[in-house]
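Throughout, a chain's letter reflects where its sequence line sits, starting with A, and its residues are numbered from 1.
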There are 4 protein chains.
Amino acid sequence: MTKNECSFILDAVRTKDEEKKAALFEATVKTVNEMGFASASVSKITKEAGVSPATLYIYHKNKEELLVSTYITIEKNMSRALLEKFNADMPLRDILENVWVAMSDYFIKYQPYTRFAEQFANSPYKTLVNKEMVMHYYAPIIDVLQQGIDQKIIKNVDFDIIIAFICYPLLALSNPGLCSDFEPTAENIKSAFALAWDAIKL
Amino acid sequence: MTKNECSFILDAVRTKDEEKKAALFEATVKTVNEMGFASASVSKITKEAGVSPATLYIYHKNKEELLVSTYITIEKNMSRALLEKFNADMPLRDILENVWVAMSDYFIKYQPYTRFAEQFANSPYKTLVNKEMVMHYYAPIIDVLQQGIDQKIIKNVDFDIIIAFICYPLLALSNPGLCSDFEPTAENIKSAFALAWDAIKL
Amino acid sequence: MTKNECSFILDAVRTKDEEKKAALFEATVKTVNEMGFASASVSKITKEAGVSPATLYIYHKNKEELLVSTYITIEKNMSRALLEKFNADMPLRDILENVWVAMSDYFIKYQPYTRFAEQFANSPYKTLVNKEMVMHYYAPIIDVLQQGIDQKIIKNVDFDIIIAFICYPLLALSNPGLCSDFEPTAENIKSAFALAWDAIKL
Amino acid sequence: MTKNECSFILDAVRTKDEEKKAALFEATVKTVNEMGFASASVSKITKEAGVSPATLYIYHKNKEELLVSTYITIEKNMSRALLEKFNADMPLRDILENVWVAMSDYFIKYQPYTRFAEQFANSPYKTLVNKEMVMHYYAPIIDVLQQGIDQKIIKNVDFDIIIAFICYPLLALSNPGLCSDFEPTAENIKSAFALAWDAIKL
DNA sequence: GATGAATGAGCCTTCATTCAT
DNA sequence: GATGAATGAAGGCTCATTCAT
């Protein structure tokens, strides 16, 4: 049998591996969201993923690494989603509005990922992740904001302040546990952006 | 022996009680901040507090109730701090700026409490707390914002949006893990408030 | 109730503790002898001792410390037994014969302790025990041998050689797994000592 | 393809087999010596040997059989080494001195094998090995000792006693963990033999 | 009120072994 | 023959909680 003849088998095998890894990722997010880090044990996560506890250790060094890699995967995933439709050839307000809408879309579409990331980022696990590396994923957006400051379109204040008004209000609004009344319709998302823009624009 | 005769003893006992309860509170905050909910065990918390594990159960029904009551204590504590200097007899911008500065003062002075509250609020434990009850602590501030909307000083958008721009940017800026570059000087705090005001003002 | 009146209760409590510690000691010896270090798990040892696995950790830091302390206890116990009847006011041959008989008595009476000690001493665990400290238990016997050398009653060879002929043949003979044919009658023990004496005497 | 045509291949394969088997043997000895039976897992042994855990099961039925066969291999190896230079055409004392020196040479040259064998022989694994079979390897030496008894050159005591004075002192002296001070120079080895001979000679 | 001792249940991880390739 | 992936079972240890004192 030539390599070609059995390629479908190889595919099957490779697919299965990726499936297990993906199942562990999803199970980690789901379990941690449902019961928090305090109760999300390896046995519960692997049961949710449909694999043996021992199998986890083929894909991850230990539980900590599983949690960290789950977080990093989400951060990568989200930055990719934001940058996919990113287009810098527009007025700054429009660029940022598009980013704002893309963020909101992501937060809604991937609610569980977002909740996990929030829980992780507000726990001591966060110290295990290199902050610069994560920020690097969002470089184009950061660049465009810096240009806005240089061109005197955006207020010339500490950069963290700009970020704080661009990211966190929307994060809060997308969190049903915090803002249960806010309905994330396209209209509401846009009217929320108006506030963000007013905040940062010069 | 009458109640009077031993009142000084009761006082002594009562004092001791409060001391132990306070020690448990502080130990809970410290331990959870240092190692997260996943590792903050009863034995570690009580060791940090300098009491026996059994003693915890005199003051709290169980571990969950300890965590919840710790969170509620912090919320009460913070709302009291905010409202202490609250004065509604001023222009709305000044009122809110004072609240903003008071919040910042609290976040800085009680960093550990704030970190604990954030960690708690972003975990499933949060569902154990009645949200309305907590919001009620901040009623005067909410009232003043609602009046601002009614008087067309503040944008007439979903109330959650207003909150999102008043609370979360400052919370993010006060989190050294998120905004390590931001220095919370009086000046920086005030320039950050300028953005918040621009965001919500009509 | 005065302290005197309830002393029996305190005794009861203290006794119980010692009982648990003793039960763990015996269970460790028995379990390791029956199935070796490879299979003597904490759960099997504690089941044999009639206590919860968690209870072990009240009395010992961890499994390793349990094994080491069990070995040291045996070594202390044996040296005490040897020195109990030790009497240096006799001709050297008689002194050593008495020690030889006492050793043999101990090996037979406390077969399980001896087997455990042998298994331990021939494993890497042995490196965790301070050799000098253990040798110190047997100081009087060592002294008498050294005097024998000085007085030219015993051959003037490397001290380890003397020890090797005084201890290890008897240890081997007392090991049913090695010398199943040897019957440890008083007569056989004495005739074995004749060889040891001929070996070391000048 | 006939057997002849591919014999060179078979040779290659056979060589490879023997290499893997030998690697497993060495890895077993090394790993058990370093961490004892309690920690010497299949995965650690096979990692040390540079093969997959699954490969172990091609050469051995299971872990127990690996350990037993490792022990038997060592016994065979040692008896072969002792008998290689064995020559019965000499006075008994010289015969035994040669055996003594050969034993010592082996213990030193193959320290790790000796340590493994000691650890094994002092563990319950020993019961899995037929003692007579092992003793049979050393038959010529045993015969010569028996003749010594019959010819009234050696003391007429229980045979186990003779063995105990011929084997165990030297085993102890060759164990650095027991006799760290003893230096196994040719001279020291010979002076130790003098004691053994004095012990058994009539 | 306060505690050290005690525990069954569960923790994270590794075990010895098998199987598809 | 050789292997990496997979696993149920078990490893050592800590958990949250109770109880006798």
Spacing between B:E65 atom CD and F:dT17 atom C1', to the nearest angstrom = 15 Å
In terms of the angle between their ring planes, are A:Y71 and A:F120 parallel, tilted or perpendicular, with boundaries placed at 30° and 60°?
-> parallel
What is the nucleic acid contact for B:V42, judged by heavy atoms within less than 4.0 Å: base, sugar-phosphate only, or nothing?
-> base
What is the distance from OH of B:Y57 to P of E:dG4, rounded to the nearest Å?
-> 15 Å
D:I45 CD1 - E:dT17 C1' separation (whole Å) = 14 Å
Calculate the interatomic distance between B:I58 atom CD1 and E:dG4 atom P; express it in whole Å.
-> 12 Å
Quick one: on DNA chain E, does C:S52 or A:E64 contact a more 5' nucleotide (nearest heavy atom)?
-> C:S52
How many Å lie between CE on D:M35 and P on E:dC15, as a whole number?
-> 8 Å
OP1 or OP2 of E:dC11 under 4.0 Å from side-chain N/O of A:S41 | yes
Between B:F37 and A:Y125, does the ring centroid distance fall short of 6.0 Å?
-> no
Would you kindly compare C:G50 and A:A40 by the position of their nearest DNA chain E nucleotide and give the one closer to the 5′ end?
-> C:G50
For E:dA20, what is the paired nucleotide under Watson-Crick or G-U wobble rules, both distances under 3.5 Å?
-> F:dT3
Working to the nearest 0.5 Å, report the span between CD1 of A:I58 and CG of A:D17.
-> 9.0 Å
Between C:S39 and D:L56, just flag the one whose closest nucleotide in DNA chain F comes earlier from the 5' side.
-> D:L56
Nearest-0.5 Å distance, OG1 of residue C:T127 to CD of residue D:E34 | 11.5 Å
What nucleotide, of F:dC13, E:dG8, E:dT13, holds the atom closest to the side chain of C:A54?
-> E:dG8
Winner on side-chain proximity to D:S43, out of E:dA2, F:dC13, E:dC15, is E:dC15
Examine F:dT3: is either OP1 or OP2 under 4.0 Å from a nitrogen or oxygen in the side chain of D:T55? Give yes or no.
-> yes
Taking a pair as Watson-Crick or G-U wobble with both distances under 3.5 Å, which nucleotide is matched to F:dT14?
-> E:dA9
Distance in angstrom units between B:K47 NZ and E:dT3 C1', rounded = 15 Å
Would you sort out whether B:V32 and B:T70 count as a side chain to side chain contact (heavy atoms under 4.5 Å, CB included), showing the intermediate values?
-> CA-CA 11 Å; B:V32 169; B:T70 298; over 6 Å; no
Separation of A:L24 atom CG from F:dA5 atom P, in whole Å?
-> 14 Å
OP1, OP2 of E:dC11 versus side-chain N and O of A:K44: anything below 4.0 Å?
-> yes
Under 4.0 Å between a side-chain N/O of C:K63 and OP1 or OP2 of F:dC13, yes or no?
-> no
Within 6.0 angstrom of A:K61 NZ, more than 12 heavy atoms from elsewhere | no
Does OP1 or OP2 of E:dG1 have a side-chain N or O of B:K20 closer than 4.0 Å?
-> no
Are OP1 or OP2 of F:dA6 and a side-chain N or O of A:Y59 less than 4.0 angstrom apart?
-> yes
Take the protein atom NZ of B:K61 and the nucleotide atom P of F:dT17, then report the distance between them rounded to whole Å.
-> 9 Å
